[in-house]
Amino acid sequence: MQAQQITELTGPDTALTLADLDEPTAPLQGGEGVIIDVRAAGVSFPELLQSRGEYQFKAPLPFVPGSEVAGVVRTAPEGSGFAPGDRVAAFTFLGGWAEVAAAQPAMTFPIPDSWSFAQGAALILNYHTAYFSLVTRGRVQSGDWVLVQGAAGGVGTATLQVAKGLGARTVAVVSSDAKAEVARAAGADVVVRSDGPWKDEVLDATDGGVDVVIDPVGGDRFTDSLRSLRRAGRLVVVGFTGGEIPTVKVNRLLLRNTEVIGAAWGEWFFAEPSIGPRIGAALQPLIDSGAIDPPVGATFGLADAAEALRTLDERRATGKVVLELG
Ligand SMILES: NC(=O)c1ccc[n+]([C@@H]2O[C@H](COP(=O)([O-])OP(=O)(O)OC[C@H]3O[C@@H](n4cnc5c(N)ncnc54)[C@H](OP(=O)(O)O)[C@@H]3O)[C@@H](O)[C@H]2O)c1
């Protein structure tokens, strides 16, 4: 099969090599797996970091990146609930940028007939992270105000859709008018520009602040994110696309009983794998109702994976970036 491998840690331009490899017969995590003919593979910030050796989990070289795929089941273990021909999305952790992938049944999920495979490849990493950040860690309830940084990106659009599906009110922070449109389409009630006086606009629009901030960006917006919280509000740390890892003077938390909370979905999933099916079940009603309808931004062929990574690196991505196969 054809697959993209990371062969050196030199960044998107030179890290990848298209290779002819043996098809996988079992998931990376072991056990009997669902074997999937891949039609689409998700491209996310972690793969960009992996191309530079900057991701927290470091796989030995060479390796096939790609944490999630969508495609058609070729074979499935007895009793797994899947059968040849089923349209599925699956979390593979690595190995997804290939014509064939293997996944654990517990991390394989059906996708609606109305969805493209590209949308299926946008489901797991971003929407499971969104639910985990909003509910498991952020304790969001219906009626809460939720502010989303990087709101037009993959995690951002997923977070807006899940928050709206849960009955929350949403504020999106974005860096351009085009991204504002993407955030509105994903369900943002209020959109503010990161290059304007957004903190004051948020305090005005939400009558004194938001209950929860979901922050995949970090950087120099962090202090204003904290200032955007109402009393007893929570800031959930999801990532650092802004580059800089912020620091916080903890007296700021004491002043109005606020919290800063880490949300690493992958860490939780590997320690407690049952969270995968549990979040999958919690998301299903939102998929059925149409609240979750993943927006796909740019799509590329498998051979053009480097350009897909550059789209993320150069801050041009909206929604989910996807590799389409077959
Ligand atoms: N904690 C977890 O469990 C978990 C799971 C999945 C992903 N993540 C992390 O979440 C973050 C977002 O991932 P994603 O796939 O949503 O990425 P994405 O689609 O590229 O979106 C990231 C957003 O960050 C903003 N941004 C600000 N400064 C940027 C810069 N210098 N370069 C690029 N983007 C910048 C951009 O929005 P504006 O231009 O509007 O500012 C962009 O839309 C990543 O750090 C990823 O590693 C964490």
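Just so you know, ligand 1 is whichever comes first in the structure, and atom 1 is the first atom listed for that ligand. Residue numbers start at 1 and run along the sequence shown. All heavy atoms count here, side chains included; hydrogens, waters and symmetry mates do not.
- A centroid separation of less than 6.0 Å is found between the aromatic rings of Phe93 and Phe57.
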Show your working on side-chain hydrogen bond (donor to acceptor under 3.5 Å, both in side chains) between Gln161 and Asp293 and close with a plain yes or no. CA-CA 8 Å; Gln161 289 189 353; Asp293 186 17; 5.9 Å; no
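- Residue Ile245 belongs to a hydrophobic cluster whose other members are Trp145, Leu147, Val171, Val173, Val190, Val192, Trp198, Val202, Val210, Val213, Phe222, Leu226, Leu229, Leu235, Val237, Phe240, Val248, Val250, Leu253, Val260, with links defined by side-chain heavy atoms closer than 4.5 Å.
- Using a 4.0 Å cut-off between charged side-chain N and carboxylate O, Arg230 and Asp211 make a salt bridge.
- Summarising the local packing, CG of Asp13 is surrounded by more than 12 heavy atoms from other residues, nucleotides or ligands at distances under 6.0 Å.
- Using a 4.0 Å cut-off between charged nitrogen and carboxylate oxygen, Arg137 and Glu259 do not count as a salt-bridge pair.
- In this structure, ligand 1 sits under 4.0 Å from heavy atoms belonging to Phe45, Pro46, Leu125, Thr129, Gly150, Gly153, Gly154, Val155, Val174, Ser175, Lys179, Pro216, Val217, Arg221, Val238, Gly239, Phe240, Thr241, Gly242, Ala263, Ala264, Trp265, Leu312, Arg315.
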